[in-house]
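This chain uses plain numbering: 1 for the first residue, then up along the sequence.
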Amino acid sequence: MLQNSKIRKKALESLDGNWGNAALMVVIYLASSIVITTLGDALLPTKEVTSGDIPVTVAPYSPFLNLLLLPMGFALTVMFLDLVRGGKLLAGNLFKYYKKQNVWAVTILSGIYIILWMFLLIIPGIIKAYSYSMAPYIVKDNPEIGADAAIRESMKMMKGYKMKLFLLDLSFIGWAILALLTLGLGLILLEPYMYSARAVFYEELKAERGMVDNKYEEVI
């Protein structure tokens, strides 16, 4: 497995000449999120709750509309896998997974599992999030795989590598602070960098695990 610094370098190399399209993908996703949230607040039933002594009107059902973003979030993740493999980023691909039942299933199921673990303690929930983190790429490479099978494969792949991926994510903390200093605008460039790095991590992990044709023999 490459050092995290080299993973980040390969991620930057994949983005060379593709920053514009990568940023556009993130903007489309964020804009879609804002539109869905706004529609939820405007169209769904509201109720009044009390915060201290101040009445506040909330739309309790609007967060459920965010489920509509799940296939798009999945697409945003795996599109950068195509990029690190030498492919192109196409805006239309953000919407290509809405008819894929296993995409809906794996995103919802892994989310439910993580939330249930979070009910126990925050740390176990974070650990499980890293355990399940390769599931989208596994579904991408194995389109017919079921959600449970993809999650189990991800857990096998990530055995012994969760801390390495955590440290890779943590290595972006300086960039994240700089992005926040630009009132969040820098996130439009930081997100593609992080997505690409995770895609490179998956490719390196496959090689480390001895995967052939998207299957692997678990390293003992």
Side-chain angles (χ1 to χ4, degrees), residues 18 20-49 56-83 87-119 125-126 128-151 153-154 169 176 179 183-196 198-199 202:
N18 293 289
N21 285 337
L24 177 62
M25 301 301 101
V26 174
V27 169
I28 291 173
Y29 178 80
L30 293 177
S32 299
S33 177
I34 292 170
V35 168
I36 287 174
T37 300
T38 302
L39 287 176
D41 292 342
L43 301 177
L44 293 177
T46 61
K47 69 176 183 179
E48 193 172 276
V49 298
V56 178
T57 300
V58 298
Y61 305 107
S62 62
F64 291 102
L65 276 182
N66 287 326
L67 292 173
L68 296 175
L69 290 169
L70 292 181
M72 193 183 297
F74 175 94
L76 191 62
T77 298
V78 301
M79 283 170 66
F80 285 91
L81 181 58
D82 287 332
L83 185 66
K88 297 293 184 181
L89 292 172
L90 302 174
N93 287 343
L94 277 172
F95 308 96
K96 69 182 289 186
Y97 293 103
Y98 275 87
K99 294 182 179 180
K100 301 290 186 180
Q101 292 183 358
N102 59 344
V103 168
W104 285 98
V106 77
T107 51
I108 292 174
L109 196 59
S110 58
I112 290 173
Y113 288 162
I114 292 168
I115 290 171
L116 291 175
W117 279 101
M118 287 285 191
F119 283 150
I126 294 173
K128 286 300 179 182
Y130 278 92
S131 291
Y132 308 154
S133 60
M134 298 297 105
Y137 305 113
I138 292 168
V139 172
K140 160 73 173 177
D141 281 341
N142 303 272
E144 303 304 319
I145 195 172
D148 269 324
I151 290 171
E153 292 291 286
S154 178
D169 289 343
L183 301 179
L185 292 176
L187 292 173
I188 295 172
L189 295 178
L190 177 59
E191 288 289 305
Y193 188 10
M194 295 182 69
Y195 278 121
S196 297
R198 278 205 165 200
Y202 170 71

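For the pair Asp169/Arg198, a side-chain contact is recorded, criterion being any heavy-atom separation below 4.5 Å from C-beta on. When side chains are defined from C-beta on, Tyr202 counts as touching Asp141, because their heavy atoms get closer than 4.5 Å. Here the side chains of Ile126 and Met118 are in contact, with some heavy-atom distance below 4.5 Å.
Residue Leu76 holds its CG atom at 6.0 Å from CG of Leu94, rounded to the nearest 0.5 Å. Annotation: the span from Ile188 atom CD1 to Leu24 atom CG amounts to 10.0 Å, rounded to 0.5 Å. Put simply, OH on Tyr195 and CG on Leu190 are 10.5 Å apart, with the number rounded to the nearest 0.5 Å. Here OG of Ser196 is found 5.0 Å from CZ of Phe80. Values are rounded to the nearest 0.5 Å. Of the inter-residue distances, the one linking Thr77 atom OG1 with Met134 atom CE reads 9.5 Å to the nearest 0.5 angstrom. Atom-to-atom distance recorded for Leu83:CG and Leu89:CG is 4.5 Å, nearest 0.5 angstrom.
Residues Ala179 and Gly186 share a closest heavy-atom pair of CB-C, 3.7 Å. Contact between Val78 and Pro136 at its shortest, heavy atoms only, is CG1-O, 3.6 Å. Heavy atoms only, all atoms of each residue included: Ala23 and Pro192 are closest at N-CG, 4.2 Å. Shown here for Ile138 and Ser154, the closest heavy-atom pair between the two residues is CD1-N, 3.4 Å.
In this structure a side-chain-to-backbone donor-acceptor pair under 3.5 Å is present from Ser32 to Ile28.
Note on ring orientation: taking the six-membered ring where Trp is involved, the planes of Phe74 and Tyr97 are perpendicular (angle over 60°, cut-offs 30° and 60°).
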For side chain to side chain contact (heavy atoms under 4.5 Å, CB included), just list the numbers for Lys140 and Asp82, CA-CA rounded to whole Å, side-chain angles, deciding distance to a tenth of an Å, and then say yes or no.
CA-CA 10 Å; Lys140 160 73 173 177; Asp82 287 332; 3.1 Å; yes
Side-chain polar contacts of residues 100-116 - donor-acceptor pairs under 3.5 angstrom, sequence neighbours left out - could you list them?
from   : atom 1 : to     : atom 2 : distance (Å)
Asn102 : ND2    : Pro143 : O      : 2.7
Asn102 : ND2    : Ile145 : O      : 3.0
Trp104 : NE1    : Tyr98  : O      : 2.8
Thr107 : OG1    : Val103 : O      : 2.8
Thr107 : OG1    : Trp104 : O      : 3.0
Ser110 : OG     : Val106 : O      : 2.6
Ser110 : OG     : Thr107 : O      : 3.3
Tyr113 : OH     : Asp148 : OD1    : 3.2

